Asks: 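Starting off with a structure, shown below.
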Amino acid sequence: MKILVAVKRVIDYNVKIRVKPDNSDVDLTNVKMAMNPFCEIAVEEAVRLKERGVASEVVAVTVGPKAAQEQLRTALALGADRAIHINTSAETDEKVESLAVAKLLQKVVEEEQPQLVILGKQAIDTDNNQTGQMLAALTGLPQGTFASEVKVEGDKLQVTREIDGGLQTVALSLPAIVTTDLRLNEPRYAKLPDIMKAKKKPLATQTPAELGVEVASKVTLLKVESPAERQGGIKVGSVDELVEKLKNEAKVIS
Amino acid sequence: MDFSLSDDQKALQQAAADFTRAEFAENAARWDAESYFPVDVIKRAGEAGFLSIYIPEEHGGLGLSRLDAALIFEQLSQGCISTTAYLTIHNMASWMIAMWGSEALREQWLPRLISGELLASYCLTEPGSGSDAASLRTKAVRQGDEYVLSGSKMFISGAGETDVLVVMARTGGPDSGAGGISTFLVPADSAGIEYGKNEDKMGWKSQPTRLVSFDEVSVPAANRLGEEGEGFKLAMKGLDGGRLNIASCSLGAAQQALTLSRDYLMGRKQFGRELASFQALQFKLADMATELTAARWMVRQAAWRLDQGDPEATAHCAMAKRFATDVGFQVCNEALQLHGGYGYIKEYPLERLVRDTRVHQILEGTNEIMRVIVARRLLADGMIESLQ
């Protein structure tokens with residue numbers, strides 16, 4: 001079974017986020033970038049399936065600028081067999097939106113014919129949580145999103161999903177799309193010898209134009225602001241006062 | 001001239017940062033408080049490749065450069081200075097075995113030293129010979145196919161919990177000086193070896209430091225590294241890299257201190273405004289960053305010279321070690337000052353950074369000895385001209 005794993009280059013989760021002074025976007029100048037943590041979980045799951053003999057090949061794919069190859073190298077060091085880079089630098093300096101990414105991945109799915117596609121449920125930069133679902137719609141494949149457990153049984157896939165108030169288990173027929181939640185696994189870190197070996201693994205490059213996908217942005221970003229600073233709390237004298245404040249100041253009950 | 005790191009180097013840095021975040025950072029304060037030597041975690045460091053960084057590939061190591069090693073140790077030390085410093089010593093001692101051990105000796109010991117199954121200590125200093133290392137008195141007397149070692153070694157990192165000792169001992173007469181010293185691989189459990197108490201140190205508490213006594217310890221002659229009389233030279237070659245490694249640990253510590261200081265200045269308010277808005281403190285932060293940057297590039301260029309086989313590499317390693325360990329300590333100490341009372345209590349890591357970096361000015365050759373090495377080269381022909 002071939003597994004396709006999508007990974008995204010995002011701001012490192014340990015970095016303090018700065019907003020540009022003109023509020024146009026998050027400031028990425030000289031900021032440390034890394035693989036999106038949910039994508040790390042996706043790579044880990046694919047590699048574990050390969051180690052268990054369920055998968056025969058793991059292909060990592062990313063959509064992004066030239067520098068995103070760093071994250072593909074990480075995926076290769078973690079155990080992916082080969083990588084595909086869809087280089088967007090020529091088309092756009094902007095972020096590629098979820099729908100465009102899903103359309104590009106659709107082309108890769110058509111070409112590679114994987115039995116399973118694993119993506120992070122969302123990327124920690126824009127938190128859209130869309131690409132996996134869009135890819136499922138475009139390819140017509142069944143989807144198991146927010147996975148906390150994945151079991152392959154013959155040509156069926158059992159996915160335990162983290163939903164509001166509990167867990168839901170769905171059975172999908174392969175090929176299928178899975179997006180990872182936080183509790184699916186604990187990703188390993190790359191070992192130095194594997195990093196050296198990863199240099200020798202194949203990395204193919206394609207462009208959106210070659211795949212016939214338009215990636216120009218259709219959304220205008222109006223403003224990015226830092227979250228409001230937390231204010232100190234107060235003590236209330238009575239339950240009545242609390243109810244009054246919740247109603248009239250916080251406006252959380254009516 | 002291009003100062004940028006290659007993609008490979010960035011990947012190595014990232015791997016070291018991920019490892020130290022996962023394995024060291026959360027535990028460093030506890031290991032320090034409990035004087036716990038984390039052998040299990042060091043084994044995982046071996047599995048991840050951090051115990052054989054510059055051992056050549058043909059001997060099972062990663063075959064990376066000294067510059068790569070400097071980048072890696074700088075990252076690792078941001079999680080735990082003391083444990084990273086032990087890793088650097090293990091790398092140095094194992095590298096000596098890889099470079100100058102016989103093939104049989106390498107086959108017997110190296111694979112397990114590389115994996116972390118076995119750990120190594122470097123034994124040069126003695127109770128009566130520190131800076132004047134060439135005056136060491138531990139004897140190794142040849143008797144047939146063996147050498148018999150007698151004497152003692154002081155301040156030995158890891159001793160008592162390591163498996164292999166790389167020992168410098170005198171094979172020449174009492175007045176034979178540096179030319180009368182040879183190097184031996186001594187199994188740490190050999191009959192006649194005794195270990196002293198774990199020294200109660202100011203810092204570096206996650207690794208034991210002990211006196212090692214040798215009372216007529218028999219070592220096979222095949223365990224000698226290099227030729228008889230070459231030992232001091234080998235010890236110094238080990239230390240060229242060892243000094244860069246320790247300097248890199250100081251850089252990592254200073255980087256962590258700088259990051260913590262920036263965050264503290266942005267978050268803490270006094271007199272109704274953020275500390276970061278006081279120019280006196282801004283200037284302090286600017287100086288810390290400037291000195292750290294100077295030290296970092298000094299270490300990297302010295303490492304590059306060592307990789308190039310530059311004849312003046314030893315002097316440049318000494319300059320870099322002197323400068324980077326002084327700067328590392330100062331930056332950590334300034335960071336403690338910026339944190340005020342919070343810097344002095346153990347809830348914050350600043351006091352540990354200060355305690356851990358202090359010894360970097362003393363070991364692998366004191367910073368005074370670094371000046372001796374540099375001055376000796378400066379007064380020789382050509383060194384000053386070649387600095388340009």
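If you're wondering where the values come from, they're calculated on a predicted model, not measured in any experiment. Residue numbers begin at 1 in each chain, while the letters A, B, ... track the order of the sequences.
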Asks: Look at atom OH of B/Y342 and say whether more than 12 heavy atoms of other residues, nucleotides or ligands are closer to it than 6.0 Å.
Replies: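 Not buried by this count: 12 neighbours or fewer within 6.0 Å.
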Asks: Work out which heavy atom in A/L192 is nearest to a heavy atom in B/G49; give both atom names and the distance.
Replies: CD1-O, 3.7 Å
Asks: Is any residue of residues 55-79 of chain B within less than 4.5 Å of chain A by heavy atoms, and which ones?
Replies: B/L62, B/L64, B/I72
Asks: I need the A/M196 CE to B/D8 CG distance, nearest 0.5 Å.
Replies: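 A/M196 CE to B/D8 CG: 5.5 Å, rounded to 0.5 Å.
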Asks: Would you find more than 12 non-hydrogen atoms of other residues, nucleotides or ligands less than 6.0 Å from A/E186 atom CD?
Replies: no
Asks: Heavy atoms, side chains only, cut-off 4.5 Å: are B/R44 and A/Y189 in contact?
Replies: yes
Asks: Can you list the residues of residues 251-272 of chain B that sit under 4.5 Å from chain A, counting heavy atoms only?
Replies: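 Only B/D263 of residues 251-272 of chain B have a heavy atom under 4.5 Å from chain A.
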Asks: Does anything in residues 9-45 of chain A reach chain B? List residues with heavy atoms under 4.5 Å apart, or say none.
Replies: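 The list, in residue order, reads A/D12, A/Y13, A/N14, A/K16, A/K32, A/M33.
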Asks: Taking heavy atoms only and a threshold strictly under 4.5 Å, list by residue number the residues of residues 17-32 of chain B that touch chain A; give 'none' if the list is empty.
Replies: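 Result: B/D18, B/F19, B/R21, B/A22, B/E23.
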Asks: Side chains of A/Q69 and B/D7, heavy atoms from C-beta outward: is any pair under 4.5 Å?
Replies: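 Of all side-chain heavy-atom pairs linking B/D7 with A/Q69, none is under 4.5 Å.
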Asks: Closest heavy-atom contact between B/A15 and A/I195?
Replies: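 Smallest interatomic distance, heavy atoms only, reads CB-CD1, 3.2 Å.
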Asks: Measure the spacing between CD of A/E70 and NZ of B/K10 and express it to the nearest 0.5 Å.
Replies: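 If we round to the nearest 0.5 Å, A/E70:CD and B/K10:NZ are 5.0 Å apart.
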